[in-house]
Amino acid sequence: MDGDTSGVEGDNWNTDDELEIDNFSLSSNSSLTLPNGEAVACSGEASSSAGSSNSKLIDHFIGMGFSEKMVAKAIQENGKENTDSILETLLTYSALESSPQGQQHIDSDHCSLECEGSFLDDFSDVDSFSDNEEITNPVSDEDEKLLSLVKMGYTRDEASIAIERCGLDSSLVELTDFITAAQMAKVADVHFPLEDKPRPNLSYKKRKHFDYEMWKRKKQRGLEKRLLHDDDDEIVRLPNPMIGFGVPNEMCQTIHRTLPEAAIGPPFFYYENVALAPKGVWTTISRFLYDVEPEFVDSKYFCAAARKRGYVHNIPIHDRYPLVPLPPSTIFEAFPLTKKWWPSWDPRTKLNCLQTCVGSAKLTERIRKAIEDYDGEPPLHVQKYVLDECRKWNLVWVGRNKVAPLEPDEVEKLLGFPTNHTRGGGISRTDRFKSLGNSFQVDTVAYHLSVLKAMFPNGINLLSLFSGIGGAEVALHRLGIPLKNVVSVEISEVNRNIVRSWWEQTNQRGNLIDLADVQQLNGDRLEELMGSFGGFDLIVGGSPCNNLAGSNRLHRDGLGGKESSLFYDYFRILDLVKCIMNKTQ
DNA sequence: AGAAAGATGAACGGTTTG
DNA sequence: CAAACCGTTCATCTTTCT
């Protein structure tokens, strides 16, 4: 993993690499220009030409390193709404452009030909774009190199590590070589961390690596699977019933699965997000996470509330066992007092997904008014109104004609947390609902993690990203798996306090390190942390679902969304840890 | 008292799936 | 067609600070 470029991928990589490095060094004194000749200084603010509501979108993709013309074409073909398919289209364009033989392949086996030929004539400006790409205003020698690398799309961390390792007087070619080698040599199937939109500097060159990889996979999959017909590539299908590889007391269990080579640990990883994400999201997530097939599970098979989630992990799936005591499995078991008031025409036995907001008092009052005139048996249209509202807001019956939202401690119970886990410490009721609504269902996660107990009798070192209120930590603790060193990264101070408080109250023997921002967690810091206790055994994370969740009416923007794009940081960090751990072995 | 910060409530569709 | 969905934003009320 030193300066050697010999990639495991074979000729394509070498050729591509050299080509790019050559391009770069040749062009390293010009300035970055767009096809229209406009010079671009640093980040994001490219192209102000479009002027419409599209311009922000266009800027977004230009910031990712695509040419303006390509972006315009992709938007035209996909419509400006579907950013995911725009991205896919752009990736396809770039993949085609990056490999000479790509065109033929796509021609021969790509099913959707509607755009073929319409974009092949765009490559000239792509070339001019990438050829002219460069850096302006270097400062000191080290800064200059750092800046150059960052502009090429590498992270600051990657850049500084490379400078540190190769020495200050190494050439840019050597430095890029080092970084690419570090990332490629390890596993054939690993592609570059795609920094996505929060970092608008991702260069076209670097993107080409990534795209080519993406295209290759796509092609492979396409050959295997789809002889059917249509457009969208392998869309991940949700299982029905949603029991993943198996849940307790259910007949059909998957006994065995074969993980892709690149996915096999160490470390173990466990990623979570909402199952009902926009189309294509889980395909992307799975592709990034080493092509591991997601496990979709509804927590209604574990507790009295639904929670449809997808989990991508490389943890063995045999010999799982549930947490004891088993949580109540119906509303009546969970809240016996409701039985007395539950009308016969409300057929619910399970609650719907526990979300971040709860029904208001005014709503429960409207419902009371709507049914109090009828003696226990309202007309059907009133029943429907009440039931719809009850299902939407997860209301339960707490008195005659009286419904109410759950209390925070009741939500804690349903989700498998200790009572009052989120209470106190200056945390408001609203914030409790919010934190709980964003959390894991502990019994579900614990079931998946249970097989680790036998494998780590002395405990584990855990990296917990987007920890929230510590669902993973609580699950492991309840499984009786000792927590040796826990690095917990969570942006919300309130949540960090909750985890810290839980940590102290449960008399943990281990060491809890909490950090605020995943984006600040770089290679240096990771090496430092891992060096002190010898690497992580497990990396857990449920990245923000804000832009994926169905309840979001305003910004359901997919994985490219403001918060949900932090998924790429999960991948980045996971990949870094894998890299570091392979290196030190 | 008045400003500032915090908490609460209500209105706000659309995508995806069976 | 029904049913479900780890949500956002703004107005208003409440509490705290000066």
Side-chain angles (χ1 to χ4, degrees), chain A residues 79 81-85 232 235-242 271-283 296-300 303 305-311 347-348 350-367 383-385 387-395 404-406 408 411-412 414-417 422 426-442 444-445 466-472 490-495 541-558 561-564 566-567:
Chain A
E81 308 307 324
N82 194 341
T83 51
D84 278 343
S85 55
D232 285 312
I235 289 301
V236 177
R237 289 215 162 279
L238 300 177
N240 188 15
M242 197 181 280
Y271 174 81
E272 178 261 11
N273 216 319
V274 289
L276 284 72
K279 268 185 183 163
V281 165
W282 277 106
T283 311
F296 294 103
V297 183
D298 190 336
S299 292
K300 74 179 181 184
C303 69
R307 206 166 187 79
K308 298 175 185 62
R309 296 292 179 268
Y311 305 89
R348 292 174 298 155
K350 301 265 188 188
L351 292 162
N352 282 334
C353 185
L354 303 162
Q355 304 192 88
T356 54
C357 297
V358 293
S360 68
K362 287 276 175 57
L363 172 63
T364 63
E365 177 67 359
R366 281 197 296 273
I367 289 175
Q383 285 183 23
K384 171 144 175 50
Y385 161 72
L387 278 175
D388 283 350
E389 294 297 319
C390 285
R391 284 196 249 250
K392 191 194 308 181
W393 294 104
N394 262 331
L395 305 175
L406 297 176
V411 180
E412 286 167 346
L414 286 166
L415 291 176
F417 288 92
T422 59
I427 295 148
S428 75
R429 182 183 153 85
T430 312
D431 280 347
R432 290 180 74 185
F433 283 122
K434 184 178 239 173
S435 294
L436 286 161
N438 284 316
S439 169
F440 288 169
Q441 206 286 324
V442 170
T444 312
V445 171
F466 316 103
S467 305
I469 57 175
E490 166 60 39
I491 194 78
S492 156
E493 186 185 357
V494 162
N495 287 345
S543 64
C545 67
N546 305 31
N547 310 114
L548 311 178
S551 309
N552 192 338
R553 305 173 178 201
L554 295 171
H555 307 289
R556 200 182 185 188
D557 305 328
K562 188 161 160 248
E563 288 84 16
S564 294
L566 288 170
F567 159 73

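Below, chains carry the letters A, B, ... as their sequence lines are ordered, and counting in each starts from 1. These values consider heavy atoms only, across backbone and side chains, with no hydrogens, waters or symmetry-generated copies.
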Could you tell me how far apart [X] ([atom1]) and [N] ([atom2]) are, to the nearest whole angstrom?
{"X": "A/K350", "N": "C/dC5", "atom1": "NZ", "atom2": "C1'", "answer": "18 Å"}
{"X": "A/L548", "N": "C/dC6", "atom1": "CG", "atom2": "C1'", "answer": "10 Å"}
{"X": "A/D298", "N": "B/dT17", "atom1": "CG", "atom2": "P", "answer": "15 Å"}
{"X": "A/R309", "N": "B/dT16", "atom1": "CZ", "atom2": "P", "answer": "17 Å"}
{"X": "A/N394", "N": "C/dA3", "atom1": "CG", "atom2": "C1'", "answer": "13 Å"}
{"X": "A/F433", "N": "C/dT8", "atom1": "CZ", "atom2": "P", "answer": "17 Å"}
{"X": "A/M242", "N": "B/dT17", "atom1": "CE", "atom2": "C1'", "answer": "9 Å"}
{"X": "A/H555", "N": "C/dC10", "atom1": "NE2", "atom2": "P", "answer": "9 Å"}

### Query
So which one's nearest nucleotide on DNA chain C is more toward 5', A/A275 or A/D388?
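The residue whose closest nucleotide sits nearer the 5' end is A/D388.
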Looking at [options], which one has an atom nearest to any side-chain atom of [X]?
{"X": "A/S428", "options": "C/dT8, B/dG18, B/dA7", "value": "B/dA7"}
{"X": "A/K279", "options": "C/dG7, B/dG18, B/dT16", "value": "B/dT16"}
{"X": "A/C545", "options": "C/dC5, C/dC6, B/dG9", "value": "C/dC6"}

Within the 4.0 Å heavy-atom criterion, would you say [X] contacts the bases, only the backbone, or no part of the nucleic acid?
{"X": "A/K384", "answer": "sugar-phosphate"}
{"X": "A/L436", "answer": "nothing"}
{"X": "A/D431", "answer": "nothing"}
{"X": "A/R391", "answer": "sugar-phosphate"}
{"X": "A/S564", "answer": "nothing"}
{"X": "A/G468", "answer": "nothing"}

### Shortest non-hydrogen contact from A/G359 toward A/P405
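That would be O-CG, 3.5 Å.
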#### Entry: Opposite nucleotide pairing with B/dA4, Watson-Crick or G-U, both atom distances under 3.5 Å
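Partner of B/dA4: C/dT15.
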### Message
Under 3.5 Å for both donor-acceptor distances, Watson-Crick or wobble: does B/dT17 have a partner, and if so which one?
### Response
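B/dT17 is paired, partner C/dA2.
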Sidechain-backbone polar pair: [X] side chain, [Y] backbone, donor-acceptor under 3.5 Å:
{"X": "A/N273", "Y": "A/G542", "answer": "no"}
{"X": "A/N394", "Y": "A/V358", "answer": "no"}
{"X": "A/Q355", "Y": "A/C357", "answer": "no"}

[X] side chain N/O closer than 4.0 Å to the phosphate oxygens (OP1, OP2) of [N]?
{"X": "A/N273", "N": "C/dC6", "value": "no"}
{"X": "A/N546", "N": "C/dC6", "value": "no"}
{"X": "A/R307", "N": "C/dC6", "value": "no"}

### Message
Could you tell me how far B/dA11 sits from C/dC6 if I compare only their P atoms? Round to whole Å.
### Response
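About 23 Å, rounded to a whole number of Å.
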### Message
Tell me which one of A/N552, A/N546, A/N547 satisfies side chain to side chain contact (heavy atoms under 4.5 Å, CB included) with A/D557.
### Response
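Answer after filtering A/N552, A/N546, A/N547: A/N547.
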### Message
What I want to check is whether the side chains of A/T422 and A/R432 have a donor and an acceptor closer together than 3.5 Å.
### Response
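A donor-acceptor contact under 3.5 Å links the two side chains.
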